[in-house]
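Report on one structure; see the data block that follows.
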Amino acid sequence: MSSSTMDEVPDRVAALASDDAVTAPLRTVIVAGTPLQRALAVTIMFFSLSIAILLIYTAAFGTITGYLQRIAFVFASISLALLAKSATGRHWQARGIAGLLPDVVLMGLMFAGMIYVFGDYTSFARRIGFPNGADMFFGVTYLVAVLEATRRYLGWPMIAIIVLFIVQALFGEYFPGAFSAPNVNWRTLVEILFMQDQGIFGPTTAVAATYLMIFLIFGAMLVRTNAVLFFQDLSLAIMGRRPGGPAHVAVASSAMLGTASGSVVGNVAGTGSFTIPLMKRSGFRPEYAGAVEAVASSGAQIMPPILGSAAFLMAGFLGRNYWDIVIAAIIPAGLYFFAIFAQIGLRAHRNKLSQVEGALPRLWPVLLSGGHFLLAIAALVAPFFFGMSPQRSALIGLGALLVLSLLRASTRVTMVSYVESVVDGIANNLAVAVAVAGAGILMGTVWVSGAGNLLADFVVQTSNGVLPVALVLTAIIALVLGMGLPTPAVYLTVAVLVVPGLVQMGAPELASHLFAFYFGILANVTPPVALAAYAAASIAKADLNRTGYQAFKLAMAGFIVPFCFIYDTSLLLDGAWPQILIATATAACGVFLLAIAIEGWFLVTARHYERALLAVAALMMIWSSRVTELAGLAIALALVAVLWRRAKTSGASEAVRDLGGTQPASSESSQ
C-alpha cells in the first residue's frame, strides 16, 4: 500500500468514527455554538428523545397500532439522519442554511404524511389495494427520503442494489434469462412499499421500532455509567496475571462490552484506547496489539445475549423468538473466542511475554465496586426465561441499569448524562435505523416482483446445485458487501437476496442466516478493506497492512465455524445433548489444532509440514463426519506426540523462531 493510500485509510476510519459520534459535541454546541448549530443540536436531541419516549412508552403499555408506531419511528429516524449528515457528507455542525433547506422541506412533507395517516388511519387501511392520489404522493415522499438517507449512511453500493431491483420490478419483461418477469405497475409497487407491512414498515422496521433501539440505549448507558472501566478491571483481575495477559484482557473486555454495541469501529475506539497501549507495554508488537482488539471487537457482534443488533433483526426477519437466535449463537461464539484465546496463549508462551506490569485489581473488590453491572445484564436477559416479550425485557434491563448505577458513587452520573445516554443510543446508531428502512424497500420490492425466487434459482444454477460452492459464493458476497456497508445492512441484504437459495438447496434456515451474518462481520478484519483492523492500527500507530493480515490470521476460526454449523446444527444447540457435546468437543479440539497450525508452536516450534498436517487434522475434526473426526484425532495425537518428544529432548533451550506479530518483553530481535 502506498503512503498516500495509507494516509487516506485512517481518514476514512476517522470519518466513520465521527459519523457514529453524532452526539459527542451536543452539550458544547448548545452552550457555545452558533444559532444554527444550537438549533440543530436541540432538534437532534428532540428527535432522539421523542423516539426513546415512544419506544419506552409502548414497551411499557403497548397501546399504539403497529403501523402507526412504525411510521412515527421512520419519520423521526429518517429526519434525524437527514439532519445529522448533509447530502455531501458534512457533519451537522458544519452545515449551512442553504444545504439544510431541502432536507427541512423533505422532513416537512414526511411529517405531513405521518399526520395524514394518523388523522384517519381506519380509512387509510381500508384503501390498501386502492390507493388515492394523496397516498401515492406521500408514499413517493417516504421512498425518496429513505433512499436519500440510505445513500448518505450506507453509500452508493446499497442504493445500486435497491434501485436495480426496483427497475427489475417495474421493467421485468425487458430483463434477460432467469431475471425476466412480468412488469409491476408503479402504483402497486408504491402502495405495497408504503401502505402495507411488506415494505418500509415491514418486519425489520417493526423490530427497530419496538425494542432494538432500547437495547442500544442500554449499551449507551453502560458506557456513560463507566461500565468500560469495570469490564476492563474485571478482565485484568481474572486474566492479567497470565502470560500475555493484556491481550486476553483486551479480548474479554471487548467481548463483554461490545455485545451491547451496534458498531465494530465504535468498539475498537471505545476499548482499544486502553487495551492496545497495555498490550504494547507487555511486549506485543503494535500491529499484533491492534489485530487483537479488532478481532475481539468484531467478535463481540456475535456474542450473546445481544449480538450487536443482529439477533433482533434475525428474529424479526425469520418470525422466530429472539431467544432462539441467542441460544443458537452460544457455541459458535464460544469457538470463535476460544480460538483467539488459544492463539494468544500460544504466542505468549512461545515468546515468553510478561503479565500486566504493576499491581492488578483484585477480583472481589472489583465485583463489589461494579458487579451491579452484571446484575443489570442479568435483568436484561432473565425476563426472557419467564416468557416476556423482547421490548418488556429491554425495558426491565434499562430500568435495572438506571437504578443499580445509582448504588455506587463511581457509577453514579448526573441526570444530564443519563439523558445524554438515551440520545447516544438513538442518534449514534442512525445507520441501523436507516438500514432497516432501506432493507424494507428491498424486501418489499423483491417480494412483489418475485425476484426472490428468481435469485434463489440463480444461486442454485450458479453453484450447479453444489451446496459448498453456494456457501463459498455467499461468503464472498457478504465479505465484499461488508467492505462498504455496516453489518446490519450486509446481513439484511444477503438474507433477502442470497439466503433463500441456500435454503432451497437444503441448508437449514437459521444456520444459513447466521452464516450470512458471520461473514458480514468478518469483512471488518478481512483485507484489503478491514475497517476494524485499520481503526485499531491508527490507535496502535501500526502498519495498516500488517495489522489487517494479523487480524485475518487471528479470526481464521471464524471463517471455518460457519461452514461447520451449516452441516451440523448440533453446534447451534439443535439436537440431543450427547450429539451436541460430542460436536462441541471435537470442534473445540479442531479449533485448538488450527491455532497451533497458525502460530506454528506447541511446546516447541513446529516445522512447516507439521503445521500443514495440523491444519488438515483441525479441519477433519471440525467437520461433522465421525469418520473424519477420528482420522483427524489420530493425526493430531501423532503430531502432538512428536512435538512433545522433541520438546523433551531439546529442553527449554530451543530458540524461539520469529513468526511475526509479537516481540518478547525483553528483546526485539526475536521477531
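Numbering of residues begins at 1 and proceeds along the displayed sequence.
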I would like to know whether Tyr153 and Leu430 meet side chain to side chain contact (heavy atoms under 4.5 Å, CB included); could you show each step before the answer? CA-CA 8 Å; Tyr153 284 83; Leu430 290 176; 3.6 Å; yes
Can you label the angle between the Phe373 ring and the Phe230 ring as parallel, tilted or perpendicular, going by 30° and 60°? tilted
Arg151 side chain to Ile159 backbone, donor-acceptor under 3.5 Å: no
So Val436 and Val207, side chain to side chain contact (heavy atoms under 4.5 Å, CB included) or not? Walk me through it. CA-CA 9 Å; Val436 298; Val207 170; over 6 Å; no
Look at the side chain of Tyr336 and the backbone N and O of Ala555, then say whether any donor-acceptor pair between them is shorter than 3.5 Å. no
Describe, in one word, how the ring planes of Phe519 and Phe515 are oriented to each other, choosing from parallel (under 30°), tilted (30 to 60°) and perpendicular (over 60°). tilted
What is the minimum heavy-atom distance between Val366 and Ala237, and which atoms define it? CG2-CB, 4.5 Å
Taking C-beta and beyond as the side chain, do Phe517 and Val494 meet within less than 4.5 Å on heavy atoms? no
Between Lys85 and Trp92, is there a donor-acceptor pair closer than 3.5 Å when you use the side chain of the first and the backbone of the second? no
How far apart are the C-alpha atoms of Phe337 and Met303, what are their side-chain angles, what is the distance that settles it, and do they pass the side chain to side chain contact (heavy atoms under 4.5 Å, CB included) test? CA-CA 9 Å; Phe337 281 99; Met303 174 61 70; 3.4 Å; yes
Polar contact flag, side-chain donor to acceptor under 3.5 angstrom, Glu599-Gln343: yes
Does Val525 reach the side chain of Phe552, with side-chain heavy atoms less than 4.5 Å apart? no
Please check if the side chain of Thr225 supplies one atom and the backbone of Leu222 the other of a donor-acceptor pair under 3.5 Å. yes
Examine distances only and state if a side-chain atom of Arg152 and a backbone atom of Ala81 form a donor-acceptor pair shorter than 3.5 Å. no
Checking Arg285 against Asp543 for the salt bridge (Lys or Arg N to Asp or Glu O under 4.0 Å) test, could you report, in this order, the C-alpha distance in whole Å, the side-chain angles of both residues, the deciding distance, and whether it holds? CA-CA 11 Å; Arg285 276 195 173 283; Asp543 180 84; over 6 Å; no
Using only atom types and a distance under 3.5 Å, with no angle test, would you say the side chain of Thr150 pairs donor to acceptor with the backbone of Leu154? no
Answer yes if the ring centres of Phe559 and Tyr518 are under 6.0 angstrom apart, and no otherwise. no
Arg95 side chain vs Gly99 backbone, donor-acceptor pair below 3.5 Å: yes
Ile331 versus Leu572: any side-chain heavy-atom pair under 4.5 Å? no
Mind checking whether His513 and Tyr491 have side chains closer than 4.5 Å, heavy atoms only? yes
Please tell me if the side chains of Leu471 and Tyr567 come closer than 4.5 Å, counting only heavy atoms from C-beta onward. yes
I'd like to know if the side chain of Thr462 and the backbone of Val459 have a donor-acceptor N/O pair within less than 3.5 Å. no
Expected output: side-chain Glu293 to main-chain Ile276 donor-acceptor under 3.5 Å: no
Any non-hydrogen side-chain atom of Phe563 less than 4.5 Å from a side-chain atom of Ile566? no
